[in-house]
2 protein chains.
Amino acid sequence: MVTMRDVAERANVSIATVSFVLNGTKRVAPETRARIEAAIEELDYKRNVVARALASSHTRILALLHPCREAWPNATGNRFVMSAANGARERGYDFVLWPLNDDEQMSHLLAGGLVDGVLLMEVQLRDPRVDRLIASGLPFALIGRTEDEELPYVDMDFATTIDQAVEHLRSFGHRRMALVTLRMKDPAGNEPGWITRVKSAYLDAMAALGEPATVITVEGSSAGGREAARLLSEDFPEATAVILVNERASAGLIKGSRALGRTVPDDLSVISAATSAELGEMIEPSLTVMAAPAGQLGRLGVNALIDQLEGAQDAPPHVLIPCTLVPGQSVGPAPIRQ
Amino acid sequence: MVTMRDVAERANVSIATVSFVLNGTKRVAPETRARIEAAIEELDYKRNVVARALASSHTRILALLHPCREAWPNATGNRFVMSAANGARERGYDFVLWPLNDDEQMSHLLAGGLVDGVLLMEVQLRDPRVDRLIASGLPFALIGRTEDEELPYVDMDFATTIDQAVEHLRSFGHRRMALVTLRMKDPAGNEPGWITRVKSAYLDAMAALGEPATVITVEGSSAGGREAARLLSEDFPEATAVILVNERASAGLIKGSRALGRTVPDDLSVISAATSAELGEMIEPSLTVMAAPAGQLGRLGVNALIDQLEGAQDAPPHVLIPCTLVPGQSVGPAPIRQ
DNA sequence: CTGAAAGCGCTTACAG
DNA sequence: CTGAAAGCGCTTACAG
């Protein structure tokens, strides 16, 4: 293994000077620098990240924590991760995904000194992981919000997204619209904050319109989607439109409705929010979608984290970004009925 | 920050003894051990992973490298990752996903001393990353095979999978079957090894049956699937069945065929191999699928890697696992025609 | 502009 | 069974 000492010897300098060149932390005479750079080149020296981390107490590694059990989110999640990784890299940080099963593993990671900062996804309103993060003293940024909105976060703007979905459906003449979302609780019985926000945005919108509201929650799967179709026809048969915020149930909802004799969009319009254009494309008829701003969230999240690490004195960022409407063929004029 | 020294002082021992207890590397008297464990508990001491890594030159971290650009694989890839992560954990290793953009980043990782071993996905027949891995001296295991089949790998058994798909279609009376697979090259013009293997397994099977063969390669997207439907009707209109090995084109192929007036499965049977039951469920009609053995591959891959790290003297593992048939509604009797 | 030296928090022969 | 001490490969005041 080539070490800094080897480089120093070859360039006839001390290891301190090599370090200065490598990190740009101090002026070094041009000729000296050239000699050192040549030695580095010739020896193909790479600095030992572990030793550097121990000496400097920084690793320049950022981790995205995510639950190991959960299905990995698909096109949206992927885009999020990639843009976060690229954003990190552009600012000179490594970025890793760290699947975690339990609290024990999380403590291990937080205390181990291996990462400089953490990005947390799928944050819940009262999230014990956030408490742990705070306790650990490690810098972090949240993708999603807790109850305590003082903490730094970037998040989808669910209120605006739902309002726009409602507006879009209204422009097609729909008045009775149901919300279909995800049934999901952690062991402690908490649901992700975004589900809570989606529900209340929907209820607010319906209240403002003076229309009746029905919220259907099903699991995130094809079967869940079919169940939603059934519940919809039982509990809210007057609905002519559905706002769907449950990506994995999308296909099942369409299939299930068809099986119950309601075709999309003739009998029922569907708009799938917080998802991706790719998903819309996969389904027949192509879904009208509100595409999640995954790329932006990834970049903003990682930048917020790095700003913090590098001691930007700004207030912690609170960023909300709405989804973008991508029209498909699943929304049509409201059917006339009595 | 609580260090080993704090623990040692509180327990009235040397830091060496604390280390022995922590690592179980040496006998320690029961009373001493108890004192130390109590101190660890009371101080909530966690060992500094970075310092340990520098001193021992092991981090007990394994990395799964994957290209940062690529779409993240979906249910199959997810299952693979999760089982690898859990497998690693069970043997006392951390497991991270490391998105990489380029060779520079790879060298940085390999030389940095941060990971003990590496799992490489989407291996190509001639894969420069593998050369780099070998040069780095880091232990690794491949998910997929290079040309040089001496290297340790675990992989899907494409030959068996294709044979079983063919057999399944034959049992429905099909004789003319096309292969639709993925068009994908890296910058150097190499295609992933699995694509090459799928093609030759298909060609071999058709040759053995004395049936004509047509291979259609399209990009992995809805549009690609529709293009495949078009190419199929132009280039091989006699085909009554398609073996599809291009997960993301599945939906488009069905949609595109329907648009061209061929319904599935009445006019055309489709079997989607190396994918997941979840995907099959999403599509209308539900796809008959050959589900990838993602969970097994993840576990076996990580175990092969750890065996190597821990110096098992066995020959490097060469494991092949076929997909599993999950019948859906996209395969039906071959239509009678002339 | 450069270097000698302490120190980051551990592990591990070695000695007793 | 336990400890004193060297050493892992860097960074970083401090001195010159």
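These figures come from a predicted structure and were not determined experimentally. All values below were derived from every heavy atom in this structure, side-chain atoms included, with hydrogens, water molecules and symmetry-related copies excluded. Proteins get letters first, then strands, A, B, ... in listed order; numbering begins at 1 in each.
- For the atom pair CG (A:L300) and CG (A:L305), the distance works out to 12.5 Å, reported to the nearest 0.5 Å.
- Taking the charged nitrogens against the carboxylate oxygens, A:R129 and A:E122 have no contact shorter than 4.0 Å, which rules out a salt bridge.
- When heavy atoms are screened at a 4.0 angstrom cut-off, B:R47 is found touching the sugar-phosphate backbone but no base atom.
- Atom CD1 of B:I36 and atom P of C:dC10 are 14 Å apart (whole Å).
- If you take CD1 of A:I15 and P of D:dG9, they are 11 Å apart, rounded to a whole angstrom.
- Within the nucleic acid shown, A:A16 comes within 4.0 Å of at least one base atom, counting heavy atoms only.
- The closest side-chain heavy-atom distance from A:V118 to A:W98 is not below 4.5 Å.
- When the nearest nucleotides of DNA chain C are assigned to B:Y45 and B:K26 by heavy-atom distance, the more 5′-ward of the two goes with B:Y45.
- Put simply, CZ on A:R60 is 12 Å from P on D:dT11, counting in whole angstrom units.
- The 5' end of DNA chain C is approached more closely, in terms of each residue's nearest nucleotide, by B:L54 than by the other of B:L54 and B:T25.
- When rounded to the nearest whole Å, the span between CD1 of B:I40 and C1' of C:dG9 equals 14 Å.
- Taking atom CG on A:N48 and atom P on D:dG7, their separation rounds to 18 Å, with Å as the unit.
- A residue-by-residue look at A:H58 and A:V50 shows that A:V50 has its nearest nucleotide of DNA chain D further toward the 5' end.
- The CZ atom of A:F20 sits 7 Å away from the C1' atom of D:dT12 (whole-angstrom rounding).
- In this structure, B:S57 reaches neither bases nor backbone, as no heavy-atom distance under 4.0 Å exists between it and the strands shown.
- The phosphate of D:dT11 (OP1 or OP2) has a side-chain N or O of A:N23 nearer than 4.0 angstrom.
- Here B:S19 does not reach the OP1 or OP2 of C:dC10: none of its side-chain N or O atoms lies under 4.0 Å away.
- B:R5 CZ to B:S14 OG: the interatomic distance, rounded to the nearest 0.5 Å, is 9.5 Å.
- Taking only side-chain nitrogens and oxygens, B:R27 comes nearer than 4.0 Å to OP1 or OP2 of D:dC1.
- Within a 6.0 Å radius of CZ in A:R33, other residues, nucleotides and ligands contribute more than 12 heavy atoms.
- Residue B:S14 has a polar side-chain atom (N or O) positioned under 4.0 Å from OP1 or OP2 of D:dG3.
- Residue B:R33 has no polar side-chain atom (N or O) positioned under 4.0 Å from OP1 or OP2 of D:dC1.
- Across the strands present, C:dA13 finds no partner; the criterion is a Watson-Crick or G-U wobble pair with both atom distances under 3.5 angstrom.
- With rounding to whole Å, B:K46 atom NZ is found 17 Å from C:dC10 atom C1'.
- Note on B:T32: a side-chain N or O is less than 4.0 Å away from OP1 or OP2 of D:dT2.
- In this structure, A:R52 does not reach the C:dC8 phosphate: none of its side-chain N or O atoms is under 4.0 Å from OP1 or OP2.
- Listed nucleotides D:dG9, C:dC10, D:dC10 differ in distance to B:T3; the shortest reach to its side chain belongs to C:dC10.
- In this structure, B:E41 places its CD atom where only 12 or fewer heavy-atom neighbours from other residues, nucleotides or ligands lie under 6.0 Å away.
- One atom, CD of A:E9, and another, P of D:dC10, lie 13 Å apart when rounded to the nearest Å.
- Nucleic acid contact for A:V13: sugar-phosphate only, since backbone atoms but no base atoms lie under 4.0 Å from a heavy atom of the residue.
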